[in-house]
Engineer: 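Below is one structure. I have some questions about it.
The sequence lines fix the lettering, A, B, ..., with proteins before strands; numbering per chain opens at 1. Just so we're clear, the structure is a prediction, and the values are computed from it rather than from any experiment.
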Amino acid sequence: MLQVPYIRENKDQIVEGLRKRSWDDDRLSILDDIVKKDDERKNIQTELDTILSQINAISKSIGDLFKSGNQEEANARKSEVQALKQKSSDLEDQAKANKEALQELLFQVPNVPNTLVPAGSTEDDNEVYQDLEGALPDLGTSAKPHWELVEDYKLIDFKRGVKITGAGFPLYTGKGAKLQRSLVQFFLNEAEAAGYNEVNVPFLVNEDSGRGTGQLPDKEGQMYAVPLDKFYLIPTAEVPVTNIHRNEILSTEDLPLKYTAFSPCFRREAGSYGADVKGLNRLHQFEKVEIVQMVHPSQSYDVLMTMVDHVEGLLKKLELPYRILRLCGGDLGFTSALTYDFEVYSAAQKRWLEVSSVSNFETFQSNRLKLRFKNEDGKKELVHTLNGSALALPRIMACIIENNQTGDGIVIPEVIRKYTGFSIIN
RNA sequence: GGAAGAGUGGCAGAGCUGGUUUAAUGCACUAGUCUUGAAAACUAGCGUGCGUGAAAGCGUACCGGGGGUUCGAAUCCCUCCUCUUCCGCCA
């Protein structure tokens, strides 16, 4: 959520940024509506405060009058207050309505894309920030997609997953389960080595947390809900982790805060269909190791690149063919100012699969979270939040299984053999 | 799930028979005085949001969250949340 003073002072810059998200003049007019609503809010506030001040003063004098035994005068003033009371409660109603209206407007405005974000409306307009080194791997015509391989080697039992829950809830078995757990272990250890503090978070969150990171109020349809208790199943560990310090004021020495968390992720994925959802490509439940940072605003873009480097290091160690994209305005998430996506090439499916998304949210989340720090001048300032997948498991699993298939079986990447205890699946 | 008790500023802790509370006091913290330096002592400062103002400041709201009673609520009432103790159930 953008801050209103920021909108007032940087309108041109915001307009320029939102145009990259294909906002036309009509939509952009919401910025003026916001300023107008905020002016209204200020006026109401001033008026209300004045009346409350009068009520307070008179009420106090009534107390004094009662003490000195001047009942008549006291009662006269009571009716005086009652009149003011009517006014103040009207104003309070107005203030409430105004606040809700303003909030609703603000919830509609996405983050302002960074200057580096290319204009564009679809994923085809994303910029290849760093292309694959070398040629695309070619496995020849006998290569099988992972959904066949996992069946051949009994790594995943999709059918029984369907029986237990439904489509998109795979049952990992045997070496499939172990390979996934090994990758998780590897990712967590790598994150720890990079200075991230491991946390183990609740997998259900309340509404306040959902709002804090921007899933609510608009995207409740993408989350599984537990209405009886008003909880949501997390779509990513980003939600609980970024909410750790909600409503807190940190000191400069606390920054940067670096967290890593493993969690299952639950997504309804309403509206998905086709080849996208085959096998492990798109699931309702999957596992992921997430990295999150809360940093001084002056550092956030440097930090973003260190996070990109970290993810890149993981893919290199796993020896997977990858490329890095810089998302265009149209593909950029609602809350992000700049996002780098990592894609791994599936040689059997002959397509790129997104395995990580690393983003800087600047103050967009921290403003909702009320996550601030006291800066060098002792003033309170919003921190910048960033996060990235490091990494999401299913597509990594899919690529390892597909790209490493040989006549003898599936070869386990060197770096995770110490976790799996086996070097080939056959 | 049942019963009882409790939630006050960074911490501790008063106030809780409604009206000098503008939330006492102590500790911690910050600055200053003193000191070669430190400690001690003394002095001052020390929450958050919003409005207003160039600023100092002034106003307003906040004593777990929300709502209510009243001229006036930390204080009374309702409701939700959390914690503690006991009972029940349970990995």
Engineer: Less than 3.5 Å apart, which donor and acceptor atoms pair up between the side chains of residues 226-236 of chain A and the rest of the protein, not counting sequence neighbours?
Structural biologist:
unit_1, atom_1, unit_2, atom_2, d
A/T236, OG1, A/E238, N, 2.9
A/T236, OG1, A/K288, NZ, 2.8

Engineer: Filter on salt bridge (charged side-chain N to carboxylate O under 4.0 Å, His left out), then keep only pairs touching residues 22-38 of chain A, sequence neighbours left out; what's left?
Structural biologist: A/R8-A/D38, A/K11-A/D32, A/R19-A/D25, A/K37-A/E40, A/D38-A/R41
Engineer: Could you note down all residue pairs passing salt bridge (charged side-chain N to carboxylate O under 4.0 Å, His left out) where residues 187-200 of chain A supplies at least one of them, sequence neighbours left out?
Structural biologist: A/E190-A/K317
Engineer: Rounding to an integer number of angstrom, what distance separates B/C27 and B/U82 when you compare their P atoms?
Structural biologist: 36 Å
Engineer: Could you tell me how far apart A/E253 (CD) and B/C29 (C1') are, to the nearest whole angstrom?
Structural biologist: 13 Å
Engineer: Taking atom C1' in both B/G15 and B/G26, compute the distance separating them and give it to the nearest angstrom.
Structural biologist: 16 Å
Engineer: Using a cut-off of under 3.5 Å, enumerate the N/O to N/O pairs linking the protein to nucleotides 44-49 of chain B.
Structural biologist:
unit_1, atom_1, unit_2, atom_2, d
B/U48, OP1, A/K380, NZ, 3.1
B/U48, O3', A/R372, NH1, 3.2
B/G49, OP1, A/R372, NH1, 2.5

Engineer: Closest to the A/L52 side chain: B/U60, B/U52, B/G19?
Structural biologist: B/U60
Engineer: Okay, side chain of A/T46, backbone of A/K42: is any donor-acceptor separation there less than 3.5 Å?
Structural biologist: yes
Engineer: Taking the nucleotide of RNA chain B with the nearest heavy atom to each, does A/R77 or A/L48 sit closer to the 5' end?
Structural biologist: A/L48
Engineer: Expressed in whole Å, how much space separates the P atoms belonging to B/G5 and B/C77?
Structural biologist: 12 Å
Engineer: Report, one pair per line, the protein and nucleotides 72-77 of chain B atoms (nitrogen or oxygen only) whose separation is under 3.5 Å.
Structural biologist:
unit_1, atom_1, unit_2, atom_2, d
B/G72, OP1, A/K85, NZ, 2.6
B/G72, O4', A/S59, OG, 3.3

Engineer: Taking B/A74 as the reference, what is the distance to B/G18 when you measure between their P atoms (whole Å, please)?
Structural biologist: 13 Å
Engineer: Check this one for me: any side-chain N or O of A/R41 less than 4.0 Å away from OP1 or OP2 of B/C50?
Structural biologist: no
Engineer: For atom C1', what is the distance between B/U17 and B/U22, given to the nearest Å?
Structural biologist: 23 Å
Engineer: Applying ring pair (Phe, Tyr, Trp, His ring centres under 6.0 Å), can you list everything that pairs with A/Y340, at least two apart in sequence or on another chain?
Structural biologist: A/Y129
Engineer: Could you go through residues 302-314 of chain A and list every donor-acceptor pair under 3.5 Å that involves a side-chain atom there, pairing it with any protein atom two or more places apart or in another chain?
Structural biologist:
unit_1, atom_1, unit_2, atom_2, d
A/T306, OG1, A/V303, O, 2.6
A/E312, OE2, A/Q130, NE2, 2.8
A/E312, OE2, A/Y322, OH, 2.6

Engineer: Does NZ or CZ of A/K175 come closer than 6.0 Å to the centre of the six-membered ring of A/F422, within 45° of the ring's axis?
Structural biologist: yes
Engineer: Which residue pairs pass the ring-ring contact (aromatic ring centres under 6.0 Å, His included) test when at least one of the two sits in residues 233-263 of chain A, sequence neighbours left out?
Structural biologist: A/H245-A/Y259
Engineer: side-chain hydrogen bond (donor to acceptor under 3.5 Å, both in side chains) between A/Q94 and A/D90: does it pass, once the steps are laid out?
Structural biologist: CA-CA 6 Å; A/Q94 279 183 45; A/D90 287 350; over 6 Å; no
Engineer: Give me the distance, rounded to whole Å, that separates B/C34 from B/G59 when you measure between the C1' atoms they each carry.
Structural biologist: 41 Å
Engineer: Any ion pair linking A/D208 and A/R211 (charged N to carboxylate O, less than 4.0 Å)?
Structural biologist: yes
Engineer: Between B/G49 and B/U85, how far apart are the C1' atoms? Round to whole Å, please.
Structural biologist: 37 Å
Engineer: With sequence neighbours excluded, what pairs up with A/F169 under the ring pair (Phe, Tyr, Trp, His ring centres under 6.0 Å) test?
Structural biologist: A/H284
Engineer: When rounded to the nearest Å, what value does the distance between C1' atoms of B/C89 and B/U21 take?
Structural biologist: 47 Å
Engineer: Mind pulling the stems RNA chain B is in, i.e. runs of at least three Watson-Crick or G-U pairs, everything under 3.5 Å?
Structural biologist: B:1-7 with B:81-87, B:10-12 with B:25-27, B:29-33 with B:41-45, B:47-52 with B:57-62, B:64-68 with B:76-80
Engineer: Enumerate all atom pairs, one protein N or O and one N or O from nucleotides 62-67 of chain B, separated by less than 3.5 Å.
Structural biologist:
none

Engineer: Holding to side-chain contact (heavy atoms from CB on, under 4.5 Å), I want the full list of residues that pass it with A/S61, two or more places apart in sequence or in another chain.
Structural biologist: A/I58, A/R77
Engineer: When rounded to the nearest 0.5 angstrom, what is the spacing between OG1 in A/T339 and CG in A/L332?
Structural biologist: 4.5 Å
